[in-house]
Amino acid sequence: VVEAGDELARLSTSGMTGAVNVCSGVAKTVRELAEAIADDYGARDLLRFGVRQDNAVDPPCVVGVRNF
């Protein structure tokens, strides 16, 4: 959160316009993201992985590319 805040503060004075990706640049699987969010709420038991077949259009991981 601190790093994201620093990046947003830097962007606010950079003069950049348009969409900007503020991210770590580290790949995370969708499962890792879901587990981290569930852990924040103490609700990992609500996740059910492998119940459905994989969706061919879903990405295997989410990665942001820093563009500034």
Side-chain angles (χ1 to χ4, degrees):
V1 171
V2 171
E3 289 176 27
D6 289 344
E7 295 293 341
L8 291 173
R10 188 176 12 254
L11 280 170
S12 70
T13 59
S14 72
M16 290 184 75
T17 60
V20 177
N21 190 355
V22 175
C23 63
S24 69
V26 176
K28 296 285 183 182
T29 64
V30 174
R31 181 181 185 137
E32 289 172 322
L33 291 171
E35 288 174 339
I37 293 166
D39 288 347
D40 285 345
Y41 290 94
R44 191 182 276 214
D45 61 308
L46 298 177
L47 298 176
R48 297 182 353 182
F49 296 104
V51 175
R52 297 183 348 173
Q53 285 186 320
D54 288 342
N55 183 338
V57 298
D58 286 341
C61 64
V62 177
V63 128
V65 179
R66 296 180 71 161
N67 59 0
F68 64 96

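In this structure, E7 CD and S12 OG are separated by 11.5 Å, a value rounded to the nearest 0.5 Å.
Residues that satisfy the side-chain contact (heavy atoms from CB on, under 4.5 Å) test with T13, not counting sequence neighbours, are absent from this structure.
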Which pairs would a plain distance check flag for residues 41-55, meaning a side-chain donor or acceptor within less than 3.5 Å of a matching protein atom at least two apart in sequence or in another chain?
unit_1	atom_1	unit_2	atom_2	d
R44	NE	D39	OD1	2.9
R44	NH2	D39	OD2	2.7
N55	OD1	V57	N	3.0

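Between the side chain of E35 and the backbone N or O of E32, no donor-acceptor pair lies under 3.5 Å.
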